[in-house]
Amino acid sequence: MIKKWLFPFPAANGKEITDPNAFYAALAGSEDGFFPIGANGLWHGGVHFGAGTSAALKQDDGIRCIADGEVVAYRLDARYPEVQYPSGGGKAAYSTGFVLVRHKLVLPPPPSPPGNASSEAAAPPPADDVLVFFSLYMHLLDKAGYDSAPHLKRPKYWGGPAVTYAVGAKAKDKEPALAPGKTGLRIRNAAHEAAGLLPTGAVVKLGAASPKRPAFNELASVVSGAEGGKVPDSTPIGYVFKAELDAIPEPDAAAVGAVYVLPTPIPVAAGALMGHMGNYQNFDDIYPIPARGPRPLVHLEVFTGADLPAFLARSRARAALLDPKQRNRLLIDVGAQVYEPIPATGSIPDGMQISPSSDSPKSGRWAKAKLLVPTIVPRSGLGAYQASTKTYQYQGQRVTFTGRFVGAADSQVTTNEAEAKRLGYARREVMLPSGDAFWVQRSDLGSKAGVRQKWDKFPLQLSQPGPSTINTSRVLTKADLEKIPAIDRALDANGRQWWRLNRVGWICERDQAKVVWKSPWDWAGFELVEETSRPADLMARDVHHLGGATGAEAPNFKQRADNVDGGPLLSKVRQAIDKQGVADGVLTRQEFKRALSLPWLADRIGRLIVRYESEWGGDMSKWDELDALMMEGKADWRVEKQRIKELAFLAQLGSIRDFLGTSTFYYWHAVGLISNFKSRCSAECSVPYLELVLDEETVYRPSSETMSWMLATERYMKNPYVPSGNTASGITIGYGYDLGHQTTQKIRQDLNGIYSDVDIEKFVGVAGKKKEDARKSLDDVGDIEISEENALKLAARMKKTYAKQVVDVYPEAVKLHPHCQGALLSLVVNRGNEVSEKDRRKEMLEIQNDFKSGNVEQIPSRLRSMKRLWENTGQGGLITRREEEALFFEKGLKCECWE
C-alpha cells in the first residue's frame with residue numbers, strides 16, 4: 001500500500017514541490033523527452049530531466065522514488081557503452097542503466113456495516129482492489145562514475161558488500177589539538193592513543209580488524225574528503241572504530257553490465273535514492289564542431305498492465321461510497337456554464353458609510369452590507385473598547401466610535417475624553433447599521449466618494465448565466481482554488497463558493513452542471529487513449545507536415561499522416577498544444593514547452609493515460625520499418641537501431657516479464673499520477689491546527705502540536721497555585737490561567753460556566769495580585785478545584801484571548817505557518833504583548849519590526865535573545881520555553897503550506 005508520494009526531485013532551493021504546476025513548468029525546460037509524443041514526433045512514454053531542468057530542480061542529489069514500493073530489477077553499466085556514427089564525429093556514450101520499482105495501489109475499503117469494522121480492516125483487500133504498476137528510472141550513472149565520485153550517495157537497494165566507508169552523522173569525535181574546530185572520527189595508533197581525526201564527509205577503505213580490539217579496523221587508505229582533518233603519515237595509518245562509519249554499498253555483481261532481477265524484492269519508500277543522472281549523447285551531441293560533450297539525462301516513466309480499465313471503473317464506483325469530505329478536487333468539465341454578474345439595482349449615496357452585516361461572507365469579492373448611521377447609546381450598553389481600531393463591542397459585533405461623548409441631552413457633546421469624564425457624560429455616539437441589507441463590492445465598504453453600485457441580491461445567480469461555456473476541462477485542488485486572488489473569489493448567501501477562472505467568467509462549486517467535487521479515487525479528468533499507430537506511421541506523419549514528402553511518395557505520406565492525426569492520441573495532443581490552438585499538424589518543442597508552462601494545458605496532458613508498446617521491448621521489426629524513411633541517414637540509422645536493441649530490457653525480466661505478459665502497457669504522465677494522490681503539502685508541513693475565530697475577518701491558527709506542548713508546559717493543576725521562582729505570576733488555575741494578569745471583568749467572562757458564581761467572586765477578589773501578594777492570598781481560594789475537562793475549556797478560552805493580543809501587536813502573524821503562530825501565542829501567553837524600547841521588552845519590539853520589514857526569518861533569534869532575562873535566576877524553564885518556541889518557529893518557516 002502506498003502511504004506517501006513525492007515528485008522525483010525537490011525544487012532547486014531544496015524545498016519540496018507541492019504544486020504540480022511548478023513541476024510541469026520545470027519540465028517545460030526540457031530539450032526533448034516530452035510525454036506522450038517526443039520532439040522527434042515518435043511515441044515517448046516518459047519524461048526527461050537534464051540540463052534544461054536543472055535551473056528549477058535540485059538534481060545533483062539524484063532522482064528519487066516517486067512512491068512507496070519495492071525494487072524488482074536493475075542494471076548498472078560498468079562503463080557507458082558507445083556508438084560510432086559512420087557519417088563522422090566522435091563516439092556517442094549512452095547509459096543503459098535503470099532501476100524498476102513495483103508499486104501496489106490499493107482502493108480504500110468500502111464503508112463497513114456497524115459492528116464489522118475491525119474484522120474487515122484486518123482482512124487483506126480483494127485482488128480486484130489492488131493495481132500493480134511500475135515506475136522506471138532509466139539512463140542512470142555508470143559504476144565508473146560512482147567510483148570516480150566517492151562523495152555521491154549510493155542507492156540502498158544495491159546489495160553488494162561495502163568496499164568503502166564514509167564518516168557520517170554517527171561519528172562525533174573532536175580532537176581540538178589535532179584538528180581544531182572539526183568533528184569526525186578519531187584515528188588511534190597501535191597504543192590506542194589519539195593520533196588523528198577523519199572529518200565528516202571523508203571516505204576511507206578499511207583493513208583487517210585489530211587483534212587486540214576487534215571493534216577497531218585498520219585504516220587502509222583515505223579515498224577522499226580528509227581536508228581539514230589530521231591523517232598520520234605512519235604505516236599503518238592507524239585504527240578506527242568501524243561501528244561509527246557508514247558503509248557505502250556496492251552494486252550486486254550480477255547487475256553490473258546485465259539486467260538483474262532481484263530474488264527477493266527490496267522495499268523502498270517514496271523519496272529513496274534511485275540513482276544519479278547518467279550520460280546519454282545523441283548524434284547532435286558528438287557531430288558538431290566543437291562537439292557539445294556529455295549530455296546529462298534521466299528518463300522517468302510510469303506504466304501498468306491491461307487490467308487498468310477495470311480498476312478505474314471499480315475505483316470510481318468505490319469513490320461514490322466514500323465520505324464526501326474526501327472530495328477535494330473540483331472537476332470543471334467541458335460545457336460547464338460561465339456566469340457573469342447581474343446588473344446592479346442601485347447605488348450608494350456619495351460619502352455614505354457602509355459596513356458588513358453580521359451574516360456577510362468574511363471574504364470574497366462581494367460583501368453583504370448595511371448603511372451606518374450615527375446613533376447615541378448608553379456607555380453601559382457597550383462592551384470593551386479597542387483603542388487600536390476605535391471600536392466597541394455592541395450586541396455581538398464591533399461598532400465604530402465617532403469620538404463624540406454625549407451627556408444627558410443630545411446637544412451636550414464633546415470630543416475630549418477628559419472633559420467627558422469631568423462632566424459625567426455617560427453616552428457615546430457610534431455608527432450603527434440601519435435598514436435592509438444589500439450587496440456591494442468589498443472594496444466599496446467604508447466611506448468613499450464617487451458612485452458605488454449595490455445589488456439587492458447576490459450578484460451571481462445560477463438562473464442568469466453568461467454567454468459562454470468552458471471548452472477545456474480542468475481539475476483544481478482546494479490548494480489551487482485558495483491561490484486564486486480574493487477579487488476573483490466570492491461566497492454567496494447559500495454558502496456556495498464561486499471563482500472567476502482565467503478572467504473568462506465565474507463558475508459555482510455546487511448546483512451547477514459539469515462542475516463537481518471529486519476524490520482522488522474518481523480519477524477526475526483522466527482519459528484512456530488506445531493508440532495503434534506504428535513508429536513508421538508517426539514518422540511519416542512528421543515528414544508530411546514538415547514538407548519532406550514530395551513527388552510520387554507524397555499521397556502515401558499524406559494518407560498515413562491523416563490516419564495518425566485522426567487517431568485518438570494525436571487528436572488529443574493536438575487539441576491541447578498544437579501551434580497555440582491553430583492546428584497546423586506540426587508538434588514542436590516550443591509548443592510542448594508552452595503547454596507545460598500553462599496550467600490548464602499541462603493539466604490536460606498530465607491526465608492522458610495512453611496504451612502503447614514500450615520503447616524497451618517488442619519486436620525490432622517496428623524499427624526496421626523506419627529504414628525506408630531515413631534516406632541519406634540510413635547508415636547512421638543502422639547504428640541507432642543497434643543502440644535501441646541494447647537498451648531493450650523487457651525480454652530479460654524473467655518472472656516480471658511473465659507477469660506483465662506483453663510489451664504494450666498503459667502509461668501515465670508521472671506528474672499527473674503523483675499529483676492525483678499526493679497532498680499539496682508535504683508531510684512535514686501538513687499539520688492539524690486549532691481555529692480561534694477572533695472576529696469576522698481574523699482566524700488565528702496555532703498548530704495542535706504547539707498547543708499540546710503549551711499545555712504540557714503549563715501543566716494541569718486541580719487546585720490554585722502560585723508558580724515558584726522569582727516570577728511576576730499571580731494565583732494560577734487549571735492549565736496556567738494566571739489571575740494576576742486578568743481584569744475582574746475578564747475573569748467573570750472566562751470562568752462563567754466553569755466555576756460557581758460564589759467561586760468566581762472569590763477569584764475576582766485575588767485578581768491582579770502577583771508574587772508575594774498572590775502567595776499571601778492563596779489560602780482564600782486554595783481549596784477550589786477544577787476538573788481537567790473544565791481546565792481544557794478554560795485553556796481554550798484563555799488562548800483565544802491571548803491570540804487577540806498577538807494579533808494586536810503582530811497582525812501579520814496570521815499569514816504564517818501554524819507552528820509559527822503557536823510559537824508567538826506561547827510567547828504572549830507567557831510574557832504578554834507589551835512592545836517598547838525598555839530593555840526587558842526590546843526583543844518584543846524587534847519582532848514587530850521584523851514583521852514590518854519582511855524579515856520574519858530573524859524572529860527565532862529574537863526569541864533566543866530573550867533567554868538573557870532569566871539566566872542565573874533559577875528559571876531555567878523559561879529559557880527552555882524560548883528555545884522551544886524558536887525551534888517551532890524555524891520548523892514553520894521551512895513551509896509554505898499546512899493543509
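For the numbers below, each heavy atom of this structure counts, side chains included, while hydrogens, waters and symmetry mates do not.
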Do you know the tightest heavy-atom contact between [X] and [Y]?
X: Ile760; Y: Leu751; result: CD1-O, 3.5 Å
X: Thr706; Y: Gly822; result: OG1-CA, 3.4 Å
X: Leu816; Y: Phe889; result: CD1-CZ, 3.7 Å
X: Asp246; Y: Gly168; result: OD2-CA, 3.3 Å
X: Lys15; Y: Pro10; result: O-CB, 3.5 Å
X: Ala795; Y: Leu711; result: CB-CD2, 3.8 Å

Could you check whether [Y] and [X], counting side-chain N and O atoms only, form a donor-acceptor pair closer than 3.5 Å?
X: His103; Y: Ser135; result: yes
X: Thr801; Y: Lys746; result: yes
X: Thr713; Y: Arg881; result: no
X: Ser54; Y: Gln59; result: no
X: Gln821; Y: Tyr689; result: no
X: Gln386; Y: Arg398; result: no
X: Lys769; Y: Ser777; result: yes
X: Trp498; Y: Glu509; result: no

| said: Would you say CD of Gln858 has more than 12 non-hydrogen atoms from neighbouring residues, nucleotides or ligands within 6.0 angstrom? | reply: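 Buried by this count: over 12 neighbours within 6.0 Å.
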| Atom NZ of Lys172 with >12 non-hydrogen neighbours under 6.0 angstrom | no
Between [X] and [Y] (salt bridge meaning N to carboxylate O under 4.0 Å), is one present in this structure?
X: Arg862; Y: Asp850; value: yes
X: Lys891; Y: Glu705; value: yes
X: Arg775; Y: Glu772; value: yes
X: Lys153; Y: Asp60; value: no
X: Asp61; Y: Lys58; value: yes
X: Arg864; Y: Glu890; value: yes
X: Glu837; Y: Arg841; value: no
X: Asp695; Y: Lys804; value: no

| task | Quick one: sort the Phe888 and Trp709 rings into parallel, tilted or perpendicular, breaks at 30° and 60°. | result | tilted
Note, [X] side chain near [Y] side chain (heavy atom, < 4.5 Å):
X: Leu739; Y: Thr732; result: no
X: Val268; Y: Lys156; result: no
X: Pro720; Y: Leu778; result: yes
X: Arg882; Y: Asn830; result: yes
X: Asp19; Y: Asp480; result: yes
X: Met274; Y: Val101; result: yes
X: Leu827; Y: Asn833; result: no
X: Phe23; Y: Ser675; result: no

So does [Y] get a backbone contact from the side chain of [X], meaning a donor-acceptor N/O pair under 3.5 Å?
X: Asp750; Y: Met798; result: no
X: Arg489; Y: Gln497; result: no
X: Asp68; Y: Lys3; result: yes
X: His817; Y: Cys685; result: yes
X: Arg329; Y: Asn676; result: yes
X: Lys170; Y: Leu245; result: yes
X: Arg64; Y: Phe7; result: yes
X: Arg715; Y: Tyr735; result: no
X: Lys678; Y: Lys4; result: no
X: Thr200; Y: Thr183; result: yes

| field | For Lys867, all residues meeting salt bridge (Lys or Arg N to Asp or Glu O under 4.0 Å), sequence neighbours excluded | value |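 Glu883.
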| said: Could you walk me through whether Leu690 and Arg701 satisfy the side-chain contact (heavy atoms from CB on, under 4.5 Å) test, starting with their C-alpha distance in whole Å, then the side-chain angles of each, then the deciding distance to 0.1 Å, before giving a yes or no? | reply: CA-CA 5 Å; Leu690 278 71; Arg701 297 179 174 89; over 6 Å; no
| Spacing of Lys518 atom NZ and Leu330 atom CG [to the nearest 0.5 Å] | 10.5 Å
| query | Can you name the residues that form a ring pair (Phe, Tyr, Trp, His ring centres under 6.0 Å) with Tyr165, not counting sequence neighbours? | reply |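 Listed in chain order: nothing, the list is empty.
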